[in-house]
Chemist: 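Starting off with a structure, shown below.
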Amino acid sequence: QWDDASSGPGASGLEVIAALYDVIPKPLGKAVLPLLNQQVRNHLAPFELTAPIRDIFSGENTQGPVFASGIGLPMDRALETLQIAFNTYQKFGSLLPVLLTVRFVKGTKALLGFTKFPQTCVLEVDALNSPKTRQFAQKLWKTLDDADIPFTMHWGKFNTFLNKARVREMYGENVDKWIASREALLEDSKVRQVFTNAFLKSVGLAT
């Protein structure tokens, strides 16, 4: 199972590394974190660049069960959100190989498009997939929610924070419009069941 992030015979290198990070004692993690941060900064400094997204993310070849998530939020809340993300990591108390990246896009007119804000900041949290990584992501999303920062979640990435109430809060009346459009397109209830799964039911989008 992808969500299990289990290691063992036949496990990929990423799974093994993720499992090792999860067993690092907290005191040791705090001791080595500043050193690792500095090493990462030194290593990446020569590669810092500004370029179109198609050039920055070309040629990716990482494979395996990695963790990827993304949220959309108003651009004017971007700096506040980043600070919350950094603070959440510092308080989390575990050493995690996590990448936080931001990009800015124009808002979409799609009924349930997660880049719905006129100027949307997309905060992406990418990491090795492990239980601690998923705990950190859930903690971050909960902290942003408690801070009243409006955000949506990438539909195709790790998004277990979503439920019926939160989807309604994120998209309002567009949920009803989307359901109505779905029913109009798939008039036969038996046909609709073909295009229904547990996730759609859990977020209130299946009829």
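Please read all numbers here as calculations on a predicted model, not as lab measurements. In what follows, residues are counted from 1 in the order of the sequence shown.
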Chemist: Can you name the nearest heavy-atom pair linking Thr133 to Ala127, along with the distance?
Modeler: CG2-CB, 3.7 Å
Chemist: What are the two closest non-hydrogen atoms of Leu111 and Ser181, and how far apart are they?
Modeler: CD1-OG, 4.3 Å
Chemist: Which other residues end up in the same hydrophobic cluster as Phe195, if Ile, Leu, Val, Met, Phe, Trp and Tyr are linked when side-chain heavy atoms come under 4.5 Å apart?
Modeler: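 Leu185, Leu186, Val191, Val194, all in the cluster of Phe195.
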Chemist: Side chains of Met75 and Phe117, heavy atoms from C-beta outward: is any pair under 4.5 Å?
Modeler: no
Chemist: Using a strict threshold of under 4.0 Å (side-chain N to carboxylate O), is an ion pair present between Glu80 and Arg77?
Modeler: yes
Chemist: How many angstroms lie between NZ in Lys201 and OG1 in Thr207, if you round to the nearest 0.5 Å?
Modeler: 11.0 Å
Chemist: Output, in order, the C-alpha distance, side-chain angles, deciding distance and verdict of side-chain contact (heavy atoms from CB on, under 4.5 Å) for Lys106 and Gln119.
Modeler: CA-CA 5 Å; Lys106 293 181 179 179; Gln119 289 81 37; over 6 Å; no
Chemist: Give a yes or no answer on whether the side chain of Thr196 reaches the backbone of Ala206 with a donor-acceptor pair at less than 3.5 Å.
Modeler: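 Absent.
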Chemist: Go through the steps for Val102 and Val122 under the test side-chain contact (heavy atoms from CB on, under 4.5 Å), then give the verdict.
Modeler: CA-CA 5 Å; Val102 294; Val122 178; over 6 Å; no
Chemist: Is the closest side-chain heavy-atom distance between Tyr89 and Leu100 below 4.5 Å?
Modeler: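 Not in contact.
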Chemist: Please tell me if the side chains of Val175 and Leu205 come closer than 4.5 Å, counting only heavy atoms from C-beta onward.
Modeler: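 Side chain of Val175 against side chain of Leu205, heavy atoms only: contact under 4.5 Å found.
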Chemist: Can you tell me which residue pairs pass the salt bridge (charged side-chain N to carboxylate O under 4.0 Å, His left out) test with a partner in residues 148-159, sequence neighbours excluded?
Modeler: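 Those involving residues 148-159 are Glu124-Lys157.
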Chemist: Taking the side chain as everything from C-beta on, heavy atoms only, tell me whether Trp141 gets closer than 4.5 Å to Ser69.
Modeler: yes
Chemist: What are the two closest non-hydrogen atoms of Met153 and Phe161, and how far apart are they?
Modeler: SD-CB, 3.6 Å
Chemist: Test Val66 against Asn129 for side-chain contact (heavy atoms from CB on, under 4.5 Å), laying out the working first.
Modeler: CA-CA 5 Å; Val66 294; Asn129 185 27; 5.6 Å; no
Chemist: How far apart are the closest heavy atoms of Val125 and Phe136, and which atoms are they?
Modeler: CG1-CE2, 4.2 Å
Chemist: For the CG atom of Leu162 and the CD atom of Glu169, what is their distance to the nearest 0.5 Å?
Modeler: 11.5 Å
Chemist: Is Leu79 reachable from Leu73 through a run of hydrophobic residues whose side-chain heavy atoms are each under 4.5 Å from the next?
Modeler: no
Chemist: More than 12 foreign heavy atoms under 6.0 Å from CG of Leu200: is that the case here?
Modeler: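 Atom CG in Leu200 is packed in, count exceeds 12.
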Chemist: Who are the salt bridge (Lys or Arg N to Asp or Glu O under 4.0 Å) partners of Asp188, not counting sequence neighbours?
Modeler: none
Chemist: Should the pair Arg168-Asp176 be classified as a salt bridge under the 4.0 Å nitrogen-to-oxygen rule?
Modeler: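 So Arg168 pairs with Asp176 through a salt bridge.
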Chemist: Taking the side chain as every heavy atom from C-beta outward, state whether Lys139 and Lys91 have any pair of such atoms under 4.5 Å apart.
Modeler: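 The answer is no; the side chains never approach within 4.5 Å.
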Chemist: Could you tell me whether the side chain of Thr81 reaches within less than 4.5 Å of the side chain of Cys121, counting heavy atoms only?
Modeler: no
Chemist: Search all heavy atoms of Asn159 against all heavy atoms of His154 and return the closest pair with its distance.
Modeler: ND2-O, 3.1 Å
Chemist: If you define the side chain from C-beta out and look only at heavy atoms, does anything of Lys164 sit under 4.5 Å from Val203?
Modeler: no
Chemist: Roughly how far, to the nearest 0.5 Å, is NZ of Lys177 from CG of Asn174?
Modeler: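 Taking CG in Asn174 and NZ in Lys177, the distance rounds to 5.5 Å.
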Chemist: Are a donor atom and an acceptor atom from the side chains of Arg103 and Thr120 found within less than 3.5 Å of each other?
Modeler: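 Thr120 and Arg103 do not have a side-chain donor-acceptor pair below 3.5 Å.
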Chemist: Is any side-chain heavy atom of Leu123 less than 4.5 Å from a side-chain heavy atom of Phe151?
Modeler: no
Chemist: Roughly how far apart are Phe86 CZ and Leu82 CG, rounded to 0.5 Å?
Modeler: 5.0 Å
Chemist: Can you name the closest pair of heavy atoms from Ile84 and Ala147 and give their distance?
Modeler: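 In terms of heavy atoms, the two residues are closest at CD1-CB, 3.9 Å.
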Chemist: Using a 3.5 Å distance criterion without hydrogens, assess whether the side chain of Asn87 forms a donor-acceptor pair with backbone atoms of Gln83.
Modeler: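 Between the backbone of Gln83 and the side chain of Asn87 there is a qualifying donor-acceptor contact (under 3.5 Å).
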Chemist: Just checking, Arg134 and Phe67: is the charged tip under 6.0 Å from the six-membered ring centre and within 45° of the axis?
Modeler: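 No, Arg134 does not sit over the ring of Phe67.
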